[in-house]
Student: 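The structure is given below, and queries will be raised subsequently.
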Amino acid sequence: MLPTDSNKALSFKRGIQDGDLVIVYERHDVMKPVKVTKDGVLQNRFGFYKHSDWIGKPLGTKVFSNKGKFVYLLAPTPELWTLVLSHRTQILYIADISFVVMYLEVVPGCVVLESGTGSGSLSTSLARAVAPTGHVYSFDYHEQRAACAREDFEMTGISSLVTVEVRDIQGQGFPEKLSGLADSVFLDLPQPWLAVPSAAKMLKEDGVLCSFSPCIEQVQRTCEVLRSDFIEIRTFEVLLRTYEVKEMKVETVAVIGESQDEEDNGGPRPSKRKHLSNNGDYAVSHDNSSNATSVVMARPCSEARGHTGYLTFARLQCLS
C-alpha cells in the first residue's frame with residue numbers, strides 16, 4: 001500500500017505476490033479485502049476465481065471467473081481500506097479524514113499522536129501521510145481493539161509506520177517519553193477536554209491539535225479548556241453530497257398552447273418541448289420534435305451521508 005522498504009508492503013510498481021492483501025472490486029459499493037494464497041479460491045455471484053491466476057499480475061488487473069465475468073484487483077489504499085475494514089467502532093470516512101490530514105498539516109516525516117485507535121480508519125491515512133520517515137503513535141484503552149488494529153496494520157503493510165499501545169489517555173494522559181516530540185495530535189474521545197492538557201505537553205511549538213466529537217456539547221467543553229494554551233480555535237462540520245450522472249430515455253410533451261399556435265398559423269411549427277423521465281425526478285427543456293430522446297441527467301444521490309461529527313482545530317500558543 002505504501003512505498004516503504006518492508007517486504008510486506010504493497011507497492012504499485014510490482015506484481016501481486018502470495019500473501020498480499022488486495023481489494024476485489026466489483027463496483028463502487030461492492031468490494032472486499034482478500035489475502036492472496038497459492039491454493040485460494042474466491043467465489044461470488046459471478047463464479048469462482050483462482051488466486052494462482054492473480055499471482056504475478058500488476059495491481060489494477062481485470063481478472064475473469066470460470067463464467068467469463070470479471071472483477072478488478074486493487075491495492076488496499078487508505079481510501080479503499082476505509083470502505084472495507086471491520087468496524088470495531090464507528091469510523092471516520094473520507095470527507096472527514098481528508099480534512100483532518102490537511103488541517104493537521106501532516107507531511108512526510110511528521111510525528112502524529114492519535115487517541116483512540118478504534119478501527120484504524122484514520123490511522124491508515126495518517127501513516128501514508130507521514131511515510132517514509134515519520135511515525136504515528138496510536139493509543140486505545142481497549143486491549144482487544146488495539147490487538148486487532150496491529151493485525152490490520154501488519155496486513156496492510158504499515159506496521160513499521162504505526163505503533164499501537166494500550167493506554168487510557170483520558171485518565172493517564174500521553175506517555176511522558178513523547179513530550180515535545182509531536183507535530184500533531186488527534187483526539188477521538190468521549191471526554192476530549194480531559195486529554196487537552198497532556199496533548200499540549202506533547203506538541204512541539206506551533207503544533208496543531210484536532211478533536212473529533214459527535215455532539216456540540218463536547219465541542220463547547222473542549223474549547224473552554226483549549227483557550228488556556230491554544231490559539232486559532234476553529235470548529236467545522238463536513239457534509240458531503242454526491243451526485244448521480246447518467247444517460248436516460250425521456251419522453252417529450254408538447255408545451256400547453258402549442259395546438260392553438262398551429263391553428264393560428266395554418267399548420268405545425270417547431271416548438272420547445274419539455275422532456276420528462278419515467279420516474280418524474282428529472283425534467284429538462286430541449287428543442288426536439290421526436291417523442292423520445294437520450295439525455296444526460298444529474299441529481300443528488302437519494303442516500304446522502306448526514307452529520308458525522310464536529311472537527312475542532314487549535315494551534316499551540318508559543319510562549320516565546
Side-chain angles (χ1 to χ4, degrees), residues 1-4 6 8-12 14-37 40-51 53-55 57-63 65 69-101 114 116-129 131 136 138 140 142 144-159 161-162 164 188 212 238 240 242 301 303-305 308-309:
M1 187 174 83
L2 297 165
T4 65
S6 172
K8 294 185 179 180
L10 284 178
S11 168
F12 296 104
R14 69 166 175 83
I16 297 169
Q17 298 177 7
D18 183 26
D20 281 348
L21 178 74
V22 298
I23 304 297
V24 176
Y25 180 98
E26 295 183 28
R27 59 175 191 257
H28 75 277
D29 57 345
V30 181
M31 61 186 89
K32 64 183 297 185
V34 174
K35 186 175 181 179
V36 179
T37 59
V41 175
L42 169 69
Q43 289 186 321
N44 64 10
R45 58 199 175 99
F46 297 138
F48 67 83
Y49 306 78
K50 294 181 179 180
H51 291 194
D53 295 335
W54 303 356
I55 295 175
K57 289 183 168 58
L59 292 163
T61 294
K62 180 193 292 187
V63 294
S65 71
K69 304 297 184 179
F70 65 86
V71 295
Y72 292 95
L73 305 178
L74 305 181
T77 63
E79 292 79 12
L80 294 180
W81 183 247
T82 291
L83 299 176
V84 300
L85 57 77
S86 299
H87 286 210
R88 297 178 288 272
T89 60
Q90 182 65 30
I91 69 168
L92 269 69
Y93 287 95
I94 293 171
D96 287 324
I97 290 173
S98 58
F99 208 82
V100 168
V101 172
E114 176 194 26
T117 310
S119 299
S121 176
L122 176 63
S123 312
T124 306
S125 290
L126 291 175
R128 182 177 63 180
V136 177
S138 189
D140 201 293
H142 195 282
Q144 186 176 359
R145 278 206 299 262
C148 291
R150 291 191 197 99
E151 292 177 4
D152 284 351
F153 299 152
E154 180 72 25
M155 185 167 50
T156 53
I158 61 171
S159 57
L161 296 167
V162 185
V164 182
D188 184 359
F212 175 87
V238 182
L240 181 66
T242 58
C301 290
E303 295 182 3
R305 188 177 298 280
T308 56

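Numbers for residues simply follow the sequence, beginning at 1. Note that these values count all heavy atoms, side chains included, but never hydrogens, waters or copies made by symmetry.
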Student: For A95, enumerate each residue passing the side-chain contact (heavy atoms from CB on, under 4.5 Å) test, keeping only those at least two apart in sequence or located in another chain.
Tutor: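 Listed in chain order: V238, L240.
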Student: Under the side chain to side chain donor-acceptor pair (under 3.5 Å) test, which residues partner D18, sequence neighbours left out?
Tutor: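 Residues passing side chain to side chain donor-acceptor pair (under 3.5 Å) with D18: none at all.
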Student: If we ignore hydrogens and angles and just use 3.5 Å, is the side chain of S121 paired with the main-chain N or O of T82 as donor and acceptor?
Tutor: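 Such a contact is absent between S121 side chain and T82 backbone.
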Student: Return the minimal non-hydrogen interatomic distance between A131 and L161, and the atom names on each side.
Tutor: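 Smallest heavy-atom distance, with atoms named: CB-CD1, 3.8 Å.
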Student: Does E151 have any side chain to side chain donor-acceptor pair (under 3.5 Å) partners at least two apart in sequence or in another chain, and if so, which?
Tutor: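 Side chain to side chain donor-acceptor pair (under 3.5 Å) check on E151 returns nothing, list empty.
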Student: Please name all residues satisfying side chain to side chain donor-acceptor pair (under 3.5 Å) with S119, sequence neighbours left out, ordered by chain then number.
Tutor: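 By the side chain to side chain donor-acceptor pair (under 3.5 Å) rule, S119 matches T89.
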Student: Salt bridge or not between E79 and R128? Use side-chain N to carboxylate O under 4.0 Å.
Tutor: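 The answer is yes: the pair qualifies as a salt bridge.
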Student: Got a second to check how far Y93's OH is from T308's OG1, nearest 0.5 Å?
Tutor: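 Taking OH in Y93 and OG1 in T308, the distance rounds to 10.0 Å.
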Student: Nearest heavy-atom pair of L92 and I97: which atoms, and what distance?
Tutor: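 Smallest heavy-atom distance, with atoms named: O-CD1, 3.5 Å.
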Student: Using side chain to side chain donor-acceptor pair (under 3.5 Å) as the criterion, list what pairs up with S65, not counting sequence neighbours.
Tutor: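 Expected list: none.
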Student: Using the test ring-ring contact (aromatic ring centres under 6.0 Å, His included), find all partners of F48 that sit at least two apart in sequence or belong to another chain.
Tutor: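 ring-ring contact (aromatic ring centres under 6.0 Å, His included) list for F48, sorted by chain: empty.
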Student: Are the charged groups of R88 and D152 less than 4.0 angstrom apart, N to O?
Tutor: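 A salt bridge links R88 with D152.
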Student: So, the side chain of D140 versus the backbone of G118: is there a donor-acceptor pair under 3.5 Å, distance only?
Tutor: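 Flag set: sc D140 to bb G118 pair under 3.5 Å.
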Student: So F70 and Y72, would you call those rings parallel, tilted or perpendicular, with 30° and 60° as cut-offs?
Tutor: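 Perpendicular, since the angle between the ring planes exceeds 60°.
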